[in-house]
Each structure stands twice: as structure tokens, then as C-alpha cells.
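Chain identifiers are assigned alphabetically (A, B, ...) following the order of the sequence lines, protein sequences preceding nucleic acid strands; residue numbering begins at 1 within each chain.
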Protein chains: 2
Amino acid sequence: MNMTSWPDRFIGLSRLSPPLKRKLETAARIRRITAGTRIFGPGETPAGMLFLIEGTVRVHQQSDNGRDIVLYRVTGGESCVMTTACLFTHHSYMAEGVAETDVIAAEVPRRTFEDLVSDSPEFRDFVLAAYSHRIVDLFEVIDNVVFGRVDLRIAERLLQLADENGVVSMTHQDMADELGTAREVVSRLLNEFRKQGWIEPGRGQVKLLDLDALARFAASR
Amino acid sequence: MNMTSWPDRFIGLSRLSPPLKRKLETAARIRRITAGTRIFGPGETPAGMLFLIEGTVRVHQQSDNGRDIVLYRVTGGESCVMTTACLFTHHSYMAEGVAETDVIAAEVPRRTFEDLVSDSPEFRDFVLAAYSHRIVDLFEVIDNVVFGRVDLRIAERLLQLADENGVVSMTHQDMADELGTAREVVSRLLNEFRKQGWIEPGRGQVKLLDLDALARFAASR
DNA sequence: TGCTCCGTGTGACTTTGTCACTGAAGCAGC
DNA sequence: GCTGCTTCAGTGACAAAGTCACACGGAGCA
């Protein structure tokens, strides 16, 4: 990958003027982060704005009694909103970010970030659009957990997270942490799905047998 | 109230230069909204940025099956984030805003708003800080609904919403809609509180008898 | 081979949400 | 006053979801 052009990978940043692009590139520090690394967590403060060039980062919230829920994922071509929010408010993080795959990211120092927000309407629009879209994500999370049923949400996630062979490589605990529920609930509901012939469970993975049935179930009610 | 100085009531806007303050004031349309009026709702798009001079606006999310949850409230001296988000993304509203009291607000047209965001670092900081703080609110809502217990949340809300006489003037349905739960659940739990001698229920209102006990209960676990 | 850890299964119980229905409190209109 | 209507609250039965405790078995390793 040609590192000198990374802003072009971000919708909105490609329209920056060449001088501003150069400013972004020279100020940024390219970070390579291996899968599983915790990138930020509650109590820490961001050193700068993170632009995700490659990979995905999972942002999730934890409770004191061990439960966990995924708020959203940041993928290549996006910026990290939590970081933006913390930069703007000078607060520390409230959730945790973990590299789900190997990640390449550009870290732009706070000072440069603030300058660009000031000087460039395109940059500002990019940041604010990303910001606003993430708020929509949070609304959806709330809608799901308050009004949604767990069985439908599991079916939906299985379909989202399956690889090209229809296999989801996660433990039941992982799935529970995705949805903010408990492991036992996932085990029981997956067992129901198995009885329906929709899936074939294995240790640390689930094989989806009937995608259509799962999709129909997820869409019901 | 002296209307010519309303930006001074907003922390952050008082530091605007006099010319920009005048620009805000002349472009704004002062709106008086009576309690109970629906200000915006899903599907609509904002005509401009709303600055709340007096009163409170309740922003809540509704499900298709009749349940409801309050996301946050906007009070005097704050701006409406939903509106900001929609202005930035050119999306329509996803939640509903209702005037909880009589409201006086300044509506600044989108064009003026965008100009000010461009030209004034102070104005931009004000908007972004409000924005970011509201994200924090949403994180808290998620934390509560995913990890919290309903009885503790009710106790907490009763204390928040009580007037100076310790009376909360709401129906059980209203309280359920605050917390995103069902009316029957509220009825049952309030009955428990009554058995403990903490409250005295009445039609359309609850009288708090033992604030300390309620507070201790809300803080437990 | 035996040991330990981890992922999973399960039963019993609590909490929360849903449904259907009852009755009481307020509030017209007469 | 009385009559009917609406709104609010209470309740029982059940379903869904979360908690707790523990059992089982496979994977990996000494």
C-alpha cells in the first residue's frame, strides 16, 4: 500500500487540497497494531485523532459485574468517534477499543487535528459526518437492547459475523458479549436453533446450515 | 428577559465577538412553544439549529410496539444535539422531541449555522462540546438499560424528578416510558417501595416519604 | 496417563416483560 | 345528585431473560 496517499482512502478527505493532505501526512504517525491489542480504555485520554487505514477496531462497554456489549466497530476508511469526542471535551475514554484484526492507523496529533478542523471545511465535514453517523449507531444499539428480543438479535449477528463458509468462529461467551447478554442465554437459544436444524454448533464455533431460515427468523416480529 | 443578549446565556457563546453575536441574534427567529408540543419527530428534517433559552425539551425513542425510553433532556442554555446531527448529516430525525415545559428557543437557520461553525472557533467549540457531552449521555443510557436493575433505576429517577415537596407528578405509564420498561413493572415495584414505607402512591403522583432510604437503595449494588 | 483449563449444558430460581382482565378515581353531561 | 365514559392502577398467569451453581467432556500438556 502506498502510504503517502492514505487520506485518499477516506471518503471526504480525498477532496482536501494537496497542501492540507501533505500536512495531514507529515504530522501523522503510522501505527501498526496487532490483533487483540487494547487500543484505549476507560480512564485514558487520547493523544490524537485516529484514522483507521486497515483493519477493524471493536468498541465495547463493560459493566462492573463482568457483562459486556459491543457498541460499534470502526473499519478501514473511518475515524474513531470515541477519540473525537474525547478530544473535543478533553475527557477520558468511557469505553474500550480493541483491535479485532491487525490494524494500520494514522495518528494525527491533537494540535494538527484542531488546526485542520479550523482551516478546512472538508476536513470538518468529514469529522462531523463520521461523528453524527456514530450517534445513529448508538441509537440503534439502544433500540435493540431496550425493545429487541435476544433470539432475533442472535440470529441477526450470526448472519453478520459468518465467514464465506457460513462459519462463525466465536465462543458462546463472545456472542453474549456482542449482544450484552449472558452466556447461558446464548447457549440455550443456540440449542433451540440447532433443534430447528438451522445451525450445527461446535467447540468455539457455529456452522450455519440454513441461512434463509435464520434470516426469516431474524426478520420476524 | 432581555432578548437582545440571549447568546450570553450559553456557556461558550458569551465569548463570541460582538459582531458574531449580532449575526446570531439578527438571523435567529425566537420561537415560543407551549408545554406538550411535539417539536420534532422521526422522518422530519430540521430547518435550523435550536438554542434553548428557557424550558426543557425531552428527547425520547419509541418502539413500534408502544414502548418508549427517554434518551436525554435539553434545558435552557443548551442546544439540541439531534438537530445538530441532522444538520451535519442531512438526515431526518430518528427520535422525538417534546416540550416538557413552556419553551423559548432561538432558531438559527442552517446557513447562518454553517457560517458560524466555519468562522468562529468559539462557536464551533460550543457546538462540538455539546455534541460530545450528549454522546456521553447515550453511553450512560446504554449502561443503564443493559446492565442496570429496574428497581434501582426507578428509585433513582424518583429522586431526580421529585419537586421540592418530594412529590413526583407522573403516572406509572410515564415512569415506564422514562426508563424504557413496562407499566406493570413500575406498578409492582412501586408497590414494593410502598410496603417498605418509602413512598405513598396516589393517582397520577407519588409522594416520597423516606428520601434517604430511597437514595441508599438506589446506590446499592 | 492423568491433570487442568476452558467451553458448554442444565436445573432451579429471580427478575423483567406481556397479556388479559378487573376495579377504582376522576370527569363530563344531564 | 346519578349515569356513563375515560384514565389510571392492581393482579394473576405466563413467557422471556438473567443469575447461580454445578456437571460434563474435550483439548492441551506435563
Taking side-chain contact (heavy atoms from CB on, under 4.5 Å) as the definition, give me every residue that meets it alongside [X], ordered by chain and number, with sequence neighbours left out.
X: A:D143; value: A:F147, B:Q61
X: B:A105; value: B:L50, B:L52, B:V103
X: B:T37; value: B:I33, B:T34
X: A:E200; value: A:K207, A:L209

Any side-chain heavy-atom pair of B:R149 and B:L152 under 4.5 Å
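In short, these two side chains touch, coming nearer than 4.5 Å.
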So, with a heavy-atom separation below 4.0 Å from DNA chain C, the residues of residues 165-177 of chain B are none
Heavy atoms within less than 4.0 Å of DNA chain D: which residues of residues 191-205 of chain B have one? Give them sorted by number.
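Within this stretch, B:N191, B:G202, B:R203, B:G204 sit under 4.0 Å of the strand.
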Residue pairs fulfilling ring pair (Phe, Tyr, Trp, His ring centres under 6.0 Å) with at least one residue in residues 52-72 of chain B, sequence neighbours excluded:
none
Scan for salt bridge (Lys or Arg N to Asp or Glu O under 4.0 Å) pairs involving residues 40-49 of chain A, sequence neighbours excluded, and state none if there are none.
A:R38-A:E44
Any salt bridge (Lys or Arg N to Asp or Glu O under 4.0 Å) involving residues 62-82 of chain B? Give me the pairs, sequence neighbours left out, ordered by first then second residue.
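Sorted result for residues 62-82 of chain B: B:R73-B:E100, B:R73-B:E178, B:E78-B:R134.
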Report all interatomic pairs (protein N or O, nucleotide N or O of nucleotides 13-19 of chain C) with separations under 3.5 Å.
unit_1: C:dT16; atom_1: OP1; unit_2: B:V150; atom_2: N; d: 2.9
unit_1: C:dG17; atom_1: OP2; unit_2: B:T181; atom_2: OG1; d: 2.3
unit_1: C:dG17; atom_1: O3'; unit_2: B:R67; atom_2: NH1; d: 3.3
unit_1: C:dG17; atom_1: N7; unit_2: B:R188; atom_2: NH2; d: 3.1
unit_1: C:dG17; atom_1: O6; unit_2: B:R188; atom_2: NH2; d: 3.4
unit_1: C:dT18; atom_1: OP1; unit_2: B:R67; atom_2: NH1; d: 3.2
unit_1: C:dT18; atom_1: OP2; unit_2: B:R67; atom_2: NH1; d: 3.2
unit_1: C:dT18; atom_1: O4; unit_2: B:R188; atom_2: NH2; d: 3.4
unit_1: C:dC19; atom_1: N4; unit_2: B:E184; atom_2: OE2; d: 3.1

Name the atoms and distances for all side-chain donor-acceptor pairs under 3.5 Å in residues 210-218 of chain B, with sequence neighbours left out.
unit_1: B:D210; atom_1: OD1; unit_2: B:D212; atom_2: N; d: 3.4
unit_1: B:D210; atom_1: OD1; unit_2: B:A213; atom_2: N; d: 3.0

Only distances under 3.5 Å count here; give the side-chain donor-acceptor pairs of residues 179-191 of chain A to other protein atoms, sequence neighbours excluded, each with its distance to 0.1 Å.
unit_1: A:S187; atom_1: OG; unit_2: A:H172; atom_2: ND1; d: 2.8
unit_1: A:S187; atom_1: OG; unit_2: A:R183; atom_2: O; d: 3.4
unit_1: A:N191; atom_1: OD1; unit_2: A:R194; atom_2: NE; d: 3.0
unit_1: A:N191; atom_1: OD1; unit_2: A:R194; atom_2: NH2; d: 2.7

